[in-house]
Amino acid sequence: MRYREFKLERYFARYEFSVRHLLSPSDCESLSMQELLELADAECLELWHNLKLGYTESPGHPLLRQEAARFYEKLSAGDILVTNPEEGIFMAMQSLLQEGDEVIVLEPAYQSLQEIPRALGCRVVGWPLTVRQGSWELDLNFLVEALTPRTRMVIVNFPHNPTGYLPDQETFRKLLALVEERNIYLFSDEIYRLLEHDPERRLPAAADCYDRAISLGGLSKSFGLPGLRIGWLATRDKEALGKFAVMKDYTSICSSAPSEILAIIALRNKEKISRAKLALVLENLRLARDFFSSRPRLFQWLEPRAGSTAFPRLVTDQPVDQFCRELVEQKNVMLLPGDVFDFPGNHFRVGLGRKNFSEGLALLEQFIGG
Ligand SMILES: Cc1ncc(COP(=O)(O)O)c(C=O)c1O
């Protein structure tokens, strides 16, 4: 099994901790320890102060699994396995896929969603998001055509990184019906859930809708807590969950003890934390929309519907990777070129979740000459 370099992660590794302005991250502004601990109830404070730094329960702290289960209507703590989010993707693919399986995955995608099945020897079919009349679309007919008797898993990510695409309820229902008819797995990366720009458009969790769906949840994006490294896999498929648990013994064994308690505190304040993150995203979205759509000779603005990222286009002849490189060299501002997603069209990712967004935008304005 051979893994190719994770282009996005390598790009971030080069700049994330050295440039002054990140105009591309997908996570929202992080909470400090103090801010989070101030939200703790009496039970959590006691757990925190009396915490011993030993190994923890492999499936996750019982209270953490209980809090995570509240994301779902039909699931309980026993249907949750705590993992770090990236580890969750790895464990699920590693457990359920094998050489020769066919897998259909959105394109563009967070690279591990495509790369892990590919490295396992699966035939990976990209299901492309396309631009129609200034916004992102997904063609269900493409999926109908791409499904074969060898298809073992469909992999989606709504709200979507990097485009901010979110299907409507009807499209999502049809997608569920297509996988359910064939009894194949649906891996649904829901790590940007709670960041729907119009909360009315929030989709049900896939794990609630179909028993062979696996929902990936986590605290990295909509809670602004990626440093905890806490997420979870949720499914009603007991056999699959058992396989994931076997895998965890070979990856992390158990999750970090302090992170688990901090994660319980965050989940008990889910509405408060995620509402503040969404408010920041919406404020930055307004700035980004005004900035990019008022410069049509340079950019095509593509409105996101959910999540903390947008994926507009540079419409000049300049290759977007060169544009981003000159921007970082001259202004110390990082934008992420669409090339890291191996996606054509001269797109770049804008991250909408950070407090200093307007400062980065002002430097971008200087760079392009107003
Ligand atoms: C769609 C998606 N899934 C999973 C992850 C992994 O999350 P983490 O970095 O917290 O492991 C990311 C991170 O950017 C992501 O965008």
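When a ligand or atom number is given, it counts from 1 through the structure's own listing order. Atoms considered below: every heavy atom in the structure, side chains included; atoms not considered: hydrogens, waters and symmetry mates.
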Backbone, side chain, both or neither: what part of [X] comes under 4.0 angstrom of ligand 1, heavy atoms only?
| X | answer |
| --- | --- |
| Ser220 | side chain |
| Glu87 | neither |
| Asp27 | neither |

Side-chain (Ser24) to main-chain (Leu336) donor-acceptor, under 3.5 angstrom: yes
Nearest protein heavy atom with distance in Å, relative to [atom]:
| atom | value |
| --- | --- |
| atom 7 (O) of ligand 1 | Pro85 CB, 3.5 Å |
| atom 8 (P) of ligand 1 | Arg229 NH2, 3.5 Å |
| atom 5 (C) of ligand 1 | Tyr110 CE2, 3.5 Å |
| atom 3 (N) of ligand 1 | Asp189 OD2, 2.5 Å |

Parallel, tilted or perpendicular, as decided by the 30° and 60° cut-offs, for the rings of Trp301 and Phe292: parallel
Give a yes/no verdict on whether any heavy atom in [X] is under 4.0 Å from an atom of ligand 1.
| X | answer |
| --- | --- |
| Leu113 | no |
| Lys221 | yes |
| Ser26 | yes |

Cluster check Tyr192, Leu106: I/L/V/M/F/W/Y, side chain < 4.5 angstrom: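 Tyr192 and Leu106: separate clusters.
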Cluster link Met91 to Leu219, ILVMFWY, side chain under 4.5 Å: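 As far as the 4.5 Å side-chain criterion goes, Leu219 and Met91 are not connected within one cluster.
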Contacting atoms of ligand 1, where contact means under 4.0 angstrom from a heavy atom of Asn157: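 Those of ligand 1 that fall under 4.0 Å from Asn157 are 1 (C).
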Per-atom contacts, ligand 1 versus Glu86 - under 4.0 Å to a heavy atom: 11 (O)
Partner of Tyr110 under ring pair (Phe, Tyr, Trp, His ring centres under 6.0 Å), chosen from Phe6, Phe187, Phe341: Phe6
Side-chain donor-acceptor contact under 3.5 Å, Asn161 with Arg349: yes
Option from Glu87, His61, Arg229, Lys248 for which side chain to side chain donor-acceptor pair (under 3.5 Å) with Ser255 holds: Lys248
Audit row: Lys74, Asp79, salt bridge (charged side-chain N to carboxylate O under 4.0 Å, His left out) steps and yes/no: CA-CA 10 Å; Lys74 298 186 187 156; Asp79 302 316; over 6 Å; no
